[in-house]
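Heads up, the thing below is written out as structure tokens.
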Amino acid sequence: MGMRRKFIAGNWKMHGLGSSLSEITPIAAAAEALGDVDVALCLPATLIQRAAEAAPALAIGAQDCHRNVSGAHTGCLSAAMIAEVGASLTIVGHSERRQDQHESDADVKAKAEAARDAGLSVILCCGESEAERDAGEALARVTKQIAASMPDGAAADWLTIAYEPIWAIGTGRVPSSDDIAEMHGAIRNQLRETIGGEADKLRILYGGSMNGGNAAELLAVPDVDGGLVGGASLSADKFVPIIEAAARTK
Ligand code: PGA
């Protein structure tokens, strides 16, 4: 446990114009002051370059990349394009993209590998729907998703997993600590079976309605190595308390 530094990543989704960049300076300052935590902000692609210039010490990420290096894919961005403007990581396989853009596990695997090949770190998302949770199928669903979307050469120095139950995203609802511990433990065991001892170095984030009020409890759950934060990452006054909670949780 002790070898995994806590990692708090914000996901701005489709929020933020240039005027929102003022939030980034105090977030970067907090991240620097609280040196025991890794902090990243995954931004709309239009803000990546300006954010990277405004906060060179903060890890700036994208929220997706294309699986191909280049080609006839109108409107898409390659991993190298994102890296060139200052991103050091990207999210892949967020449930909103799996739903809205119909991304399959195979797409997610290919995107993760493309990002890695372009020198980016990757946060790979998984998570069950409410119907799957209610049917007692959450563990089976998530482990199947991970088995099918796990990139070749998975290693802790570039890959992070984010467990995000779909019904907890943006709803204010979070699973019980026991349910989160069970899921993260199952993911860890699955990783051990596929990548051996490396699995104990790889971070598994929890995502879904994390905020300053519940972060300390969520981050204390066994095998929770950080958080992927949507709504509460949009402003410094909501995001910094989560970074502070992570710094206090060893
Ligand atoms: P939320 O989103 O924190 O707003 O629930 C989390 C996510 O989708 O990454």
Side-chain angles (χ1 to χ4, degrees), residues 6-16 20 23-24 27 37-45 47-48 51 59-65 82 87 89-103 108 111-112 115 120-130 132-133 138 141-142 145-146 149 159-177 179-180 183-184 187 203-219 221 224-246 249:
K6 287 280 192 281
F7 180 20
I8 302 295
N11 170 15
W12 278 19
K13 309 189 178 182
M14 199 173 72
H15 298 285
S20 305
E23 299 295 332
I24 290 172
I27 291 169
V37 187
D38 290 331
V39 179
L41 274 181
C42 296
L43 299 175
L47 293 180
I48 289 173
I60 302 297
Q63 301 165 10
D64 175 55
C65 67
I82 292 157
L89 73 152
T90 187
I91 297 169
V92 299
H94 191 281
S95 60
E96 286 151 18
R97 292 201 61 87
R98 289 179 185 262
Q99 282 172 353
D100 298 353
Q101 274 75 37
H102 313 292
E103 291 183 3
V108 174
K111 283 168 183 259
L120 298 173
S121 298
V122 169
I123 299 174
L124 192 158
C125 302
C126 59
E128 83 283 359
S129 69
E130 182 154 34
E132 288 161 345
R133 168 64 62 179
R141 174 78 190 110
V142 169
Q145 228 174 18
I146 288 188
S149 53
L159 183 67
T160 295
I161 303 292
Y163 167 60
E164 300 202 301
I166 295 168
W167 51 273
I169 294 175
T171 60
R173 298 165 58 202
V174 296
S176 69
S177 294
D179 283 348
I180 297 174
M183 182 63 79
H184 280 234
I187 294 170
R203 290 181 290 199
I204 306 173
L205 311 184
Y206 167 78
S209 297
M210 185 180 280
N211 59 46
N214 62 21
E217 189 179 339
L218 292 168
L219 294 168
V221 174
V224 172
D225 304 311
L228 182 55
V229 183
S233 73
L234 292 171
S235 66
D237 68 327
K238 292 206 171 88
F239 195 45
V240 170
I242 300 176
I243 303 170
E244 289 168 345
T249 318

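Because the structure is predicted, anything quoted here is derived from the model rather than measured. Counting starts at 1 for both ligands and their atoms, in listed order.
- Atom OG1 of Thr90 is separated from atom CG of Leu124 by 10.5 Å, given to the nearest 0.5 angstrom.
- With sequence neighbours excluded, no residue forms a salt bridge (Lys or Arg N to Asp or Glu O under 4.0 Å) with Glu23.
- Annotation: atom 4 (O) of ligand 1 to nearest protein heavy atom, Gly231 N, 2.9 Å.
- Within ligand 1, the atoms closer than 4.0 Å to a non-hydrogen atom of Gly208 are 5 (O), numbered from 1 in the order shown.
- At a heavy-atom distance under 4.0 Å, only side-chain atoms of Asn11, from C-beta outward, approach ligand 1.
- Interface atoms of ligand 1 facing Ile169, defined by a heavy-atom separation under 4.0 Å, are 2 (O), 5 (O), 8 (O).
- Among protein heavy atoms, the minimum distance from atom 3 (O) of ligand 1 is reached at Gly230 N, 2.8 Å.
- Scanning the protein heavy atoms around atom 2 (O) of ligand 1, the nearest turns out to be Lys13 NZ, 3.3 Å.
- Atoms CG and CH2, from Leu47 and Trp12 in turn, are 6.5 Å apart once rounded to the nearest 0.5 Å.
- Of the N or O atoms in Glu164, one or more lie within a sub-3.5 Å distance of an N or O in ligand 1.
- Considering backbone and side-chain N/O atoms, Gly170 comes within less than 3.5 Å of an N/O atom of ligand 1.
- Put simply, CG on Asp38 and CD1 on Ile243 are 11.0 Å apart, with the number rounded to the nearest 0.5 Å.
- Residue contact check for ligand 1: Ala232 places no non-hydrogen atom closer than 4.0 Å to it.
- Those atoms of ligand 1 that come under 4.0 Å of a heavy atom in His94, given as number and element, are 7 (C), 8 (O), 9 (O).
- The shortest heavy-atom distance from Ser209 to ligand 1 is under 4.0 Å.
- Judged purely by atom type and a 3.5 angstrom limit, Glu128 has no side-chain atom pairing as donor or acceptor with the backbone of Val142.
- The side chain to side chain contact (heavy atoms under 4.5 Å, CB included) with Phe7 is formed by just one residue from the set Val37, Asp225, Ile123; it is Ile123.
- The ring pair (Phe, Tyr, Trp, His ring centres under 6.0 Å) search around Tyr163 returns His184, not counting sequence neighbours.
- By the neighbour-count criterion of 12 heavy atoms within 6.0 Å, atom CD of Glu244 is densely surrounded, having more than that number from other residues, nucleotides or ligands.
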